[in-house]
Amino acid sequence: MSTSGTPQFRYTQTPSKVLHLRNLPWECTEEELIELCKPFGRIVNTKCNVGANRNQAFVEFADLNQAISMVSYYASSSEPAQVRGKTVYIQYSNRHEIVNNKSPGDVPGNVLLVTIEGVEAGDVSIDVIHLVFSAFGFVHKIATFEKAAGFQALIQFTDAETASSARNALDGRSIPRYLLPEHVGSCHLRISYSAHTDLNIKFQSHRSRDYTNPYLPVNPTAIEGITQPAVGPDGKKKEPESNVLLASIENMQYAVTVDVIHTVFSAFGTVQKIAIFEKNGQTQALVQYPDITTAAVAREALEGHCIYDGGYCKLHLSYSRHTDLNVKAYSDKSRDYTIPDANLLAVQAAPGVPAAPPAWQNPQAAPLYPEYSAAAAVHGQVPSGQVPSWDPTMQGGRSTYVSAPGTYPGQNFATSSSIPAYAAVSAVAMPAGSSPLSHTGPLSQPGVPPNVRPVGASPPGQPPYYGQ
DNA sequence: AGCACA
């Protein structure tokens, strides 16, 4: 009772993920701190140079047990914890997390996120980046990409020490002029740490390199280097066509899941991969088809249309710079439908066999399909309490399966006869009061009866036909 | 040598 207030210090401290370190050398660096602590676990945050003498610090481990292991180790060790030869005293902090203004990018790791300001992607080659950063140690991998922030590169070093030496030396500096094209004014490097530890490089290309794996295949389309954007008849830049579409979803009042995207875009051909992400607060999706023709048809048909009735989830489509997406095979934000599967390979990956003839070969099916897509997209299992209200067969939250693939207009061009394309539809919240099946929605065509019984719920989290 | 920052 008497000591239950805020004791100056405690003899028995409750363990915490956060450790308090004192008697550190003056202005001990974060790297030294991490060096000392990382044998015991993953460090998620630090705060150093604390106190009037700037000789205290906090270290937060990912897991409580890691902090406990460090405290226990030094409690019974004959060798005290030391930094630069000074004994460091370690105890549990009386707080349970470090709160500071440090962004994740300040937490050291072996991968740097480099933003090259004031340049376009074509101005700085990956070889120049490699040259500049190799000065600090072996560069394992590089991946470059363009983001809103500008041209960026992820650079993977062996360890955080090498990475931080590069960061300390280069952050805010500029790439030497002689390595740059003449027209580039300044190009300052902004360097932070990435949360990545191992980059997943699929190809050697002008965008990415894996210097640890010389046998990695070269991406034939990507290695050609920087293609100048084609110029259309109006003199405006015309984006190069691609088999990958970038869909921006406007007015996204309702959930747009991978399955929704899959259903909508499957209307025009085999969808190979999907990735959904947020950019500048807007939801976007990358949709990969096997070929440009299919993508072009889908783009033409879907541009400006809405997934749901009422102007919800309006699609804007452009061609992506990607040609082959690198996505998790199955997650809530991505899907890779091309992963080896005996059944699927026959349908989707048989060389020379177009998996899906372009929709324009079937003038009737093309307009029909989007309507179905929209309908199917808003159907499916929903969290309990959010049972869609529009489908009488859905009462009680139960759903029905499509009676037969043959009843499905256009199924012949989207799938093999044995695989209903729309079977992938699983979890989507239905906008209340919106009934795509019974309305002429933006994706609907007049005079088309809603003759398709929407697909039933898939097993939780699994489309029925793709296994893992 | 004994608990910070916004």
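Keep in mind that the numbers below use all heavy atoms, side chains included, and drop hydrogens, waters and symmetry copies. Note that the structure is predicted; figures quoted are calculated from it, not measured. Chain naming here is simple, since letters A, B, ... match the order of the sequence lines and numbering starts at 1 in each.
- For the pair A/Gln13 CD and B/dC3 C1', the computed distance is 9 Å after rounding to whole Å.
- Between A/Tyr89 and A/Val18, the residue whose closest nucleotide on DNA chain B is further toward the 5' end is A/Tyr89.
- Judged by distance alone, the side chains of A/Ser266 and A/Thr263 never bring a donor and an acceptor atom under 3.5 Å apart.
- Residues satisfying the side chain to side chain contact (heavy atoms under 4.5 Å, CB included) criterion with A/Ser77, sequence neighbours excluded, are A/Tyr73, A/Tyr74, A/Glu79.
- Sorted by first and then second residue, the ring pair (Phe, Tyr, Trp, His ring centres under 6.0 Å) pairs involving residues 155-183 of chain A (not counting sequence neighbours) form an empty list.
- In this structure, A/Tyr92 places its OH atom 20 Å from P of B/dA4, rounding to the nearest Å.
- Residue pairs meeting the ring pair (Phe, Tyr, Trp, His ring centres under 6.0 Å) criterion with at least one partner in residues 81-136 of chain A, sequence neighbours excluded, are A/His130-A/Tyr211.
- Residues from residues 50-57 of chain A that place a heavy atom under 4.0 Å from any atom of DNA chain B, listed by number: A/Val50, A/Gln56.
- For A/Val44, the side chain to side chain contact (heavy atoms under 4.5 Å, CB included) test picks out A/Arg42, A/Glu60, A/Ala62, with sequence neighbours left out.
- Following rounding to the nearest Å, A/His96 (NE2) and B/dC5 (P) show an atom-to-atom distance of 20 Å.
- A donor and an acceptor atom, one from each side chain of A/Thr29 and A/Glu32, are located under 3.5 Å apart.
- Atom pair A/Asp106:CG and B/dC5:C1' shows a separation of 14 Å (rounding to whole Å applied).
- If you check residues 58-83 of chain A against DNA chain B, the residues with a heavy atom closer than 4.0 Å are A/Phe58, listed by number.
- One interatomic measurement links the two molecules: CG of A/Leu21 to C1' of B/dA4, which rounds to 13 Å at whole-angstrom precision.
- In this structure, A/Lys47 atom NZ and B/dA6 atom P are separated by 8 Å, rounded to whole Å.
- Sorted by first and then second residue, the pairs that involve residues 273-288 of chain A and meet side-chain hydrogen bond (donor to acceptor under 3.5 Å, both in side chains), not counting sequence neighbours, are A/Ser248-A/Gln284, A/Gln272-A/Gln288, A/Lys273-A/Asp324, A/Glu278-A/Thr283, A/Gln288-A/Asp324.
- Every residue meeting the side-chain hydrogen bond (donor to acceptor under 3.5 Å, both in side chains) condition with A/His196, not counting sequence neighbours, appears here in chain and number order: A/Ser194.
- The distance between atom CG of A/Leu33 and atom C1' of B/dA4, rounded to the nearest whole Å, is 13 Å.
- In this structure, CG of A/Asn49 is placed 12 Å from P of B/dC5, rounded to the nearest angstrom.
- Looking at residues two or more places apart in sequence or on another chain, you find a side chain to side chain contact (heavy atoms under 4.5 Å, CB included) between A/Cys48 and A/Glu30, A/Leu33, A/Ala57.
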